[in-house]
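Report on the following structure.
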Amino acid sequence: MSDCLFCKIVAGQVPAEIVYESGRALAFRDINPQAPTHVLVIPKEHHADANALAQADDGLADEVLKAAHAVAVQEQVAEGGYRVVFNTGAGAGQTVFHVHAHVLGGRDLTWPPG
Ligand code: AMP
Ligand code: ZN
């Protein structure tokens with residue numbers, strides 16, 4: 001999609017700090033990190049949200065989850081604990097409508113907090 005921010009990152013038209021790439025997935029640092037590790041993992045192909053990703057071609061959702069895992073290993077948070085979040089829909093706080101998994105780690109993420 002020509003007006004999609006994350007499609008522009010995939011196309012190299014908007015800069016991002018890319019930390020991981022596979023055939024159909026890309027991971028880059030969130031511009032406004034909420035934890036020491038805060039990486040967004042996306043399918044390179046445009047799907048609006050997790051609902052659409054779940055219905056996408058065979059293996060795409062799988063590849064995004066595997067990329068999230070690879071990022072967690074690379075960022076050294078896989079053993080200590082990390083969170084993978086898909087905000088899905090405006091009511092859940094989704095603001096960029098190109099599906100993305102937030103990979104958060106490097107601090108206490110026990111839930112519910114406190
Ligand atoms: P969400 O609210 O789940 O849609 O998350 C969107 C995320 O994208 C937010 O955490 C933003 O900080 C992040 N974000 C917005 N623009 C950029 C950008 N150009 N590069 C990296 N992350 C971005
Ligand atoms: Zn897109």
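Every number for a ligand or one of its atoms is a count from 1 in the order of the listing. Note that the structure is predicted; figures quoted are calculated from it, not measured. These numbers come from the heavy atoms of this one structure, side chains and all, not from hydrogens, waters or symmetry mates.
No single ILVMFWY cluster, assembled from side-chain heavy atoms under 4.5 Å apart, contains both Val39 and Val96.
Taking the side-chain contact (heavy atoms from CB on, under 4.5 Å) definition, one finds that Ala52 meets it with His47, Asp49, sequence neighbours left out. With sequence neighbours left out, Asp62 forms a side-chain hydrogen bond (donor to acceptor under 3.5 Å, both in side chains) with Lys66. Qualifying side-chain contact (heavy atoms from CB on, under 4.5 Å) partners for Val85, counting only residues two or more places apart in sequence or in other chains: Arg83, Asn87, His102, Leu104.
For Tyr20 and Phe28, the ring centers are positioned 6.0 Å apart or more.
A salt bridge is defined here as a Lys NZ or Arg NE, NH1 or NH2 lying under 4.0 Å from an Asp or Glu carboxylate O, and Glu75 with Arg29 meets this definition.
Residue His102 holds the heavy atom nearest to atom 3 (O) of ligand 1 of all those in Lys8, Gln94, His102. Nearest-residue assignment for atom 11 (C) of ligand 1 (options Asn87, Asp30, Thr88; heavy-atom criterion): Asp30.
Under a 4.0 Å heavy-atom criterion, His100 is in contact with ligand 1.
Counting only heavy atoms from C-beta outward, the side chains of Arg24 and Pro43 never approach each other to under 4.5 Å.
For atom 4 (O) of ligand 1, the closest non-hydrogen atom on the protein side is Thr95 N, 2.7 Å. Atom 16 (N) of ligand 1 has Leu5 CD2, 3.4 Å as its closest protein atom, hydrogens excluded (heavy atom only). Gly93 O, 2.9 Å is the protein heavy atom nearest to atom 2 (O) of ligand 1.
The shortest heavy-atom contact between Gly23 and Lys44 is O-NZ, 3.3 Å. Taking each heavy atom of Gly105 and Tyr82 in turn, the nearest pair found is CA-CB, 4.3 Å.
Of the heavy atoms in Ile31, both backbone and side-chain atoms come closer than 4.0 Å to ligand 1. Residue Arg29 touches ligand 1 through its backbone alone, judged by heavy-atom distances below 4.0 Å. Counting heavy atoms under 4.0 Å from ligand 1, residue Phe6 touches it through the side chain alone. When heavy-atom distances to ligand 1 are checked against a 4.0 Å cut-off, Val85 has no atom that comes that close, whether in backbone or side chain.
Inclusion of His38 in the set of residues having an N or O under 3.5 Å from an N or O of ligand 1 is not warranted. The shortest N or O to N or O distance between Val96 and ligand 1 is under 3.5 Å.
For the Zn ion (ligand 2), the set of protein N/O/S atoms nearer than 2.8 Å consists of Cys4 SG, Cys7 SG, His46 ND1, His98 ND1, ordered by chain and number.
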Chi angles and distances behind the side chain to side chain contact (heavy atoms under 4.5 Å, CB included) call for Asp30, Gln34: CA-CA 8 Å; Asp30 196 292; Gln34 303 300 309; 5.9 Å; no
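The side chain to side chain contact (heavy atoms under 4.5 Å, CB included) test with Ile42 is passed by exactly one of Leu53, Val10, Val64, Ile9: Val10.
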